[in-house]
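Only a predicted model underlies this, so the values are computations on that prediction, with no experimental measurement involved.
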2 protein chains.
Amino acid sequence: MTLRSIMEVKVSMTRTEEIRVAVSTVILTLRASAGGEPGLSLPLVRRTREPFADRWALPGGWLTATEAPVDASARTLAETTGLAPSYLEQLYAFGAVDRSPTRVVSIVYWALLRQDDVVAQSAAHLASGRAPENVQWFDVDQLPELAFDHAKIIEYALWRLRNKVGYSRVAHGFLPAEFTLADLREAYEAILGKSLDPANFRRQVEAGGNLLPTDRFRTGNHRPARLYRYNTDVELADRGPLGPEESSTR
Amino acid sequence: MTLRSIMEVKVSMTRTEEIRVAVSTVILTLRASAGGEPGLSLPLVRRTREPFADRWALPGGWLTATEAPVDASARTLAETTGLAPSYLEQLYAFGAVDRSPTRVVSIVYWALLRQDDVVAQSAAHLASGRAPENVQWFDVDQLPELAFDHAKIIEYALWRLRNKVGYSRVAHGFLPAEFTLADLREAYEAILGKSLDPANFRRQVEAGGNLLPTDRFRTGNHRPARLYRYNTDVELADRGPLGPEESSTR
DNA sequence: TCAAAAGTGTTGCATCTACACCCATGT
DNA sequence: ACATGGGTGTAGATGCAACACTTTTGA
């Protein structure tokens with residue numbers, strides 16, 4: 001019997017330490033499609049180790065002892081995209097016994113990124129040559145084979161997004177600081193997968209009272225469209241007693 | 001340097017095993033108040049050890065290696081109440097670094113119990129004398145001082161319940177198999193903390209199509225009220241791609 | 001016969017939906 | 001001028017809140 005095996009027996013019998021805690025993040029943004037309507041896309045990481053070596057997986061890593069789960073998620077996000085999220089909330093803790101060869105509980109977060117941030121960052125990465133080789137963006141309806149239960153996790157994240165867009169303002173998380181009502185409507189259409197009446201959409205969001213009209217316009221091929229700004233006094237979604245997000249710093 | 005300290009250093013540097021995973025459950029039911037309107041109540045356990053010895057805490061325990069979190073929650077529930085839940089879903093994973101003296105991530109579940117089950121079980125416990133000494137039911141608006149961050153957790157659970165009752169059928173989780181519309185309305189009123197118009201309430205739930213009228217009536221002091229049965233073909237709440245509940249078995 | 005809860009009808013208001021229509025710009 | 005998206009107006013449908021009213025029982 002080796003020292004190592006003695007340690008492992010001791011540990012497993014006294015506490016629950018053979019269970020490891022990981023944090024993963026579903027990072028969503030609107031891809032600027034060339035020509036057609038925008039759609040949702042997310043970054044995946046190609047695994048370099050077993051299990052599931054060479055398969056694509058959600059960005060993430062082990063939770064460290066000195067870090068709150070939400071901070072681990074934000075770190076993950078920074079490491080794969082270099083960006084701060086415009087919205088971040090916990091999705092679910094997945095802990096089925098057989099979801100991994102070893103016992104892993106994954107606390108999964110759910111992040112939205114602004115479209116313009118992603119575009120700028122992608123260009124910067126390409127220019128600098130520091131872009132991580134093993135990270136790639138995928139359309140959510142053209143995903144590759146995924147490691148672990150990550151396909152199911154992404155499916156659940158999309159379900160939550162589509163639900164939440166109905167009773168909160170999370171769609172703003174995809175947009176830059178100033179945007180037209182058509183931009184906002186296209187974001188909703190991309191999330192919901194159906195087209196909305198521009199006239200009625202306008203009235204609904206104006207009635208919401210979360211939009212601040214600016215005196216600037218976006219000029220293009222047709223009549224200029226007024227630019228709006230989001231009222232940052234209100235949260236994108238009411239998270240109740242939890243506040244904006246439980247955090248380690250405080 | 002002892003063997004124990006060597007082990008702990010080794011473990012902490014290679015993996016995340018100094019983080020332990022606990023499962024706790026907020027178990028809610030409607031208390032049958034003597035005379036007045038019913039209100040929400042939940043069982044708490046008096047702690048016998050440090051930290052927070054003698055303080056009240058949510059029922060729960062360590063997640064074991066061979067058990068899914070949801071099964072650990074159900075086990076917790078059976079141990080403290082002897083009952084199976086009528087509704088059970090994950091609430092949130094709490095993982096702030098300073099929420100406990102040692103590093104603990106708690107996956108918290110949220111359960112509803114039928115009122116009549118609780119009454120019957122409480123009587124049986126009293127008769128048998130096997131009732132756990134250190135378990136006690138509290139009204140949610142008369143809670144004692146709680147251990148850890150459990151007060152905040154309960155607050156969040158109640159917020160979720162009040163939200164969810166608006167767009168799902170979870171209130172049925174408090175009621176027995178057959179019930180009158182007044183029973184159902186009182187459950188909603190207890191959850192929401194406000195009174196509802198009986199006429200409009202009737203039309204709304206009847207339009208929902210989830211109630212099956214029986215040909216039986218409850219006779220009392222006044223005009224008999226028809227008994228209804230819940231249509232068990234539909235879930236109490238749409239949980240999306242996760243299905244009824246992620247489970248270890250299957 | 002009276003009180004009180006069960007159950008039905010009706011009215012008004014707010015909101016959503018569909019769609020007709022005018023406005024302002026680049027080409 | 002005209003095509004196109006920006007933006008306004010409006011009529012019908014739907015849903016909900018308020019409340020009057022009828023029905024059925026126990027006391």
Requested in this report: Quickly work out the B:R185 CZ to C:dA5 C1' distance and round it to whole Å.
Outcome: 9 Å
Query - Distance in angstrom units between B:N200 CG and C:dG12 C1', rounded - result: 13 Å
Report summary line: Heavy-atom nearest nucleotide on DNA chain C taken for A:Q204 and for A:H222; more 5' hit belongs to A:Q204
Report summary line: Taking for B:D197 and for A:A199 the nucleotide of DNA chain C with the nearest heavy atom, the one nearer the 5' end belongs to B:D197
Report task. Could you tell me the separation between the CZ atom of B:F217 and the P atom of C:dA5, rounded to a whole number of Å? Result -> 18 Å
Query - A:N200 and A:R203 side chains, donor-acceptor separation under 3.5 Å - result: yes
Query raised in the report: Considering heavy-atom distances to DNA chain D, does B:T219 or B:R223 have its closest nucleotide positioned more toward the 5' end?
Result: B:R223
Requested in this report: Send over the distance from B:L181 CG to C:dA4 P, rounded to a whole Å.
Outcome: 21 Å
Query raised in the report: In whole angstrom, what separates A:R218's CZ from C:dA24's P?
Result: 20 Å
Query raised in the report: Expressed in angstrom and rounded to an integer, what is the separation of B:F201 atom CZ from D:dG15 atom P?
Result: 18 Å
Query raised in the report: When we call it a touch if two heavy atoms are under 4.0 Å apart, what does A:R226 touch: a base, just sugar-phosphate, or nothing?
Result: sugar-phosphate
Requested in this report: Round to the nearest Å and state the distance from A:E206 atom CD to D:dG6 atom C1'.
Outcome: 12 Å
**Report entry** Electrostatic pair A:R239-A:E235, nearest N-O below 4.0 angstrom
**Finding:** no
Query raised in the report: In this structure, which one of B:R226, B:R218, B:R229 forms a salt bridge (charged side-chain N to carboxylate O under 4.0 Å, His left out) with B:E178?
Result: B:R229
Report summary line: Taken to the nearest whole Å, CZ/B:R203 to P/D:dC19 is 14 Å
Requested in this report: Remember a base hit wins even if backbone is also touched, and classify A:A207 as base, sugar-phosphate or nothing at under 4.0 Å, heavy atoms.
Outcome: nothing
Query raised in the report: Using a cut-off of less than 4.0 Å, is there contact between a side-chain N or O of B:R202 and OP1 or OP2 of C:dG7?
Result: yes
Query raised in the report: Side chains of A:S73 and A:T25: do they bring a donor and an acceptor to under 3.5 Å?
Result: yes
Requested in this report: Assess the side chains of B:Y92 and B:Q90: does a donor N or O sit below 3.5 Å from an acceptor N or O?
Outcome: no
